[in-house]
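Here the structure comes first, spelled out in structure tokens, and everything after it is commentary.
Letters go in sequence order (proteins before strands), and every chain restarts at 1.
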Amino acid sequence: MDKLEAKHNTNDVVLKMQNVRKSFNTGLPNEVEILHGIDLILKRGEFCAVVGPSGSGKSTLLNIVGLLDRPTEGSLSICGEETTRMDDHALTRVRGHNIGFVFQFHNLLSAFSALENVMMPLLGEAEFPNKEMTERAAMLLDSVGLTPWRDQPAYQLSGGQQQRVALARALAMNPALLLADEPTGNLDTKSADAVFELLRKVSREQGMTVLFVTHDPSLAARCDKTIKVVDGKVVDDKEVDDKVVS
Amino acid sequence: MSEKALEASELKTLPSWQPFEWIVALRFLGEGRTQTAFIISGVALGVAVIVFMSALMAGLQSNITKSVLSGQAHIQLQPAKETVRPLRSSNSTLAVGAVVEGAIIQTPLQRIDSIDQWQSIMVQISEIPDVLVVSPAAKGSALVVRGNTSQAISINGVKPDLYFQIIDMTDKMVSGTMDLTGSDILIGIELASDLGVSLGDKIRVTMATGADNTLTITGIFDFGNKTANSQTTYVALRTAQSLLGMVGSVSVLDVNVKDIYAAETIAQRIEASTGVQADSWIKNNAQLFTSLGAQQSSNTVIRLFVALSVALGIASVLVVSVVQKSREIGILRAMGITRGQILRTFLLQGGLLGLCGSIIGTARWAVGFVRFYYWFCDGRGWIIDLDANANR
Ligand SMILES: Nc1ncnc2c1ncn2[C@@H]1O[C@H](COP(=O)(O)OP(=O)(O)O)[C@@H](O)[C@H]1O
Ligand SMILES: [Mg+2]
């Protein structure tokens, strides 16, 4: 754990976005700018909700933060590393080591069991399976309460269970930043609450920064900070919990 | 966390010798079971066709080679034939060297020529490392008379201990023995039935020169060829020499070599060093080889196209599966899997499809095809010589 703590301590600023713009179909007649200059700074351990109407650009924002997509303009650094000039291989490395994802749908590989899904990022990194990664995956699955379903094929799990497996997998590499794009969007209130609490707990225990997209105002209200995105701009930047913010 | 979850004995682990790409490729292939099965069958079928075509060609070649070589030596040394030359003018009214008009051009009657210094040439050839055996023979034609029937035959005077190393007669003998001494003669079954003779009977052989001899049939053979069975006869070398009026000399030296496909090169070497005309079986059957070559190239073209369509089949399945798996690719990319790893995963799937298809195709379908072929040809299965293929 010392090594992991060190990773989180090297820089208190986990995410720094400056004037990020994103256009689709650049150079074509149907060019359209979706994000119009976003500035965002997230520090270690911050739990930030992203709200806003659908189509406002929340997913686009998360994909850029998660290095799945590149900004058209502006700068983006993750854990102090400027990413805008990196090549694909370097981006993949930063993504693998620092960022965990949980999406709304289709988070799991249906050809693998719950345990194997959680192992996958570790396996991709180490190339060959080993006992330690199997044990770590089992431990993570246990922490989301899914030990009895460990060997179930992913597609046989319920929606809530799948999201919990996805969360366990997102935590496998112990990322500094966790991106959750409506992870509770298609869950019933009870399961949504359970997944949210789990996220909250992990964030608090491990000092993990979380960017959490939700449509549920009651969940947003329980976060440290909420940003509201409308038409590709941050219109409201409200700090709910004073003690986390400088 | 509970202790139970950490118990390694209870944990199902992935095989530790399989790399990431291998594990994912196998799972993806397993997931699209029907598709995988179809493409493997397709590849197997294509490979089976290729294997079958190759086997057919190889079998055909080896059978033809075998049947050609069962009746002739790899290399035959003969004195050069006399050739025809037009009469050239030496008259001053015509340009020197001009052909004299009206002169009759005719092939000279071929005398039975003998090879000069054949004993020393034989020793010389025997010393070439690739040469297995050299056998001298005196050959000529004769007439066999019995009662009021007479028939033209060709007399082959040979040294049985050498000659029957060149042409293996053991499985061709219908009755009698292959030892040739004194006035023994071996004849074919066709001739035997034409003349109405059998083992131990005597026949009278007459030459154009008037020389004749009465010989005893000590063996009857079957070459599986009507002309050969009615015309070819074997006598001892001395007997033939005296009949043909060429005592002490031979008309042919038969040579067998280790590598039958090197026969032409060796023949050229022999010709260069001895000055005697040496013809290899390859040269003698040039036409056969040309048609075999044509067969071979059309066969190769077919195989090439089948291989191409198999490759295209695999490629198209890969392209389709990349599209089908775009969601999975997205998930893998999001968890930090590199482009290279994903590319390798899909290439590995292609490789595995090709490999499995080839193995199944070679094993299962090739056997099936051969069986079908034997059944279809109903006893004409000689075209495929499985032994010959196995030995290749
Ligand atoms: N690849 C793309 N090409 C063109 N337009 C896109 C693309 N991705 C998203 N968009 C557009 O960007 C806008 C924002 O989408 P998105 O970020 O998914 O919104 P949200 O997640 O807030 O609902 C939408 O109008 C969508 O149509
Ligand atoms: Mg969205």
Side-chain angles (χ1 to χ4, degrees), chain A residues 63 66-68 88-89 91-103 105-113 115-117 119-131 133-143 145-148 150-151 153 155 166 169-170 172-173 175 179, chain B residues 1-37 318 320-349 352-353:
Chain A
N63 285 345
L67 309 175
L68 290 175
D88 183 76
H89 200 266
L91 288 179
T92 307
R93 181 184 52 78
V94 173
R95 186 192 311 133
H97 289 203
N98 300 297
I99 300 168
F101 279 94
V102 182
F103 301 103
F105 304 109
H106 310 308
N107 273 294
L108 306 182
L109 300 169
S110 50
F112 291 89
S113 72
L115 184 80
E116 289 160 351
N117 264 282
M119 273 176 74
M120 213 38 80
L122 299 163
L123 181 60
E125 171 85 4
E127 197 58 27
F128 286 93
N130 59 41
K131 203 171 150 230
M133 72 174 67
T134 316
E135 283 173 2
R136 175 161 171 79
M139 186 268 285
L140 286 165
L141 263 189
D142 196 56
S143 72
L146 286 178
T147 300
R150 208 166 55 188
D151 297 320
Y155 64 87
R169 186 186 59 201
M173 297 290 286
L179 304 175
Chain B
M1 86 198 69
S2 77
E3 280 300 308
K4 211 175 143 218
L6 286 176
E7 269 176 41
S9 60
E10 238 196 83
L11 273 180
K12 271 191 201 158
T13 58
L14 290 166
S16 61
W17 53 270
Q18 286 184 3
F20 169 82
E21 287 88 347
W22 186 268
I23 293 171
V24 176
L26 285 180
R27 287 295 175 92
F28 280 3
L29 285 176
E31 206 179 15
R33 226 167 272 122
T34 328
Q35 199 176 320
T36 305
L318 282 191
V320 169
S321 81
V322 167
V323 175
Q324 277 178 338
K325 291 265 182 269
S326 59
R327 198 170 63 72
E328 277 83 356
I329 293 172
I331 297 169
L332 289 167
R333 293 288 284 152
M335 56 171 116
I337 306 303
T338 65
R339 260 180 220 274
Q341 284 174 305
I342 289 170
L343 182 68
R344 285 196 292 275
T345 301
F346 280 89
L347 289 181
L348 189 61
Q349 287 183 61
L352 286 172
L353 289 174

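The line from CG of A:L123 to CD1 of B:I337 is 7.5 Å long, rounded to the nearest 0.5 Å. Between atom CG of residue A:N107 and atom CD1 of residue B:I331 there is a gap of 6.5 Å, rounded to the nearest 0.5 Å. Taken from CD1 in B:I23 to CE in A:M120, the straight-line distance is 7.0 Å, to the nearest 0.5 Å.
Of all non-hydrogen atoms in B:M335 and A:L109, the two that sit nearest each other are CE-CD1, 4.3 Å. For the residue pair A:S110 and B:E31, the shortest heavy atom distance occurs at OG-OE2, 2.5 Å. Contact detail for A:P129 and B:P15: the closest heavy-atom pair is CG-O, 3.3 Å. Here the shortest heavy-atom pairing between A:F128 and B:S16 reads CD2-O, 3.4 Å.
For B:W17, the part lying near chain A is the backbone, with the side chain staying farther off; criterion is any non-hydrogen pair under 4.5 Å. In this structure, the portion of A:L108 lying under 4.5 Å from any heavy atom of chain B is its backbone and not its side chain.
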| field | Step-by-step side-chain contact (heavy atoms from CB on, under 4.5 Å) determination, A:E116 to B:L14 | value | CA-CA 8 Å; A:E116 289 160 351; B:L14 290 166; 3.4 Å; yes

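Sorted by first and then second residue, the salt bridge (Lys or Arg N to Asp or Glu O under 4.0 Å) pairs with a member in residues 326-337 of chain B read A:D88-B:R333; sequence neighbours excluded.
Listed by chain and residue number, B:E21, B:Q341 satisfy the side chain to side chain contact (heavy atoms under 4.5 Å, CB included) test with B:R344 (two or more places apart in sequence, or in another chain).
Using a 4.5 Å cut-off on side-chain heavy atoms (C-beta onward), A:K131 and B:T13 make no contact.
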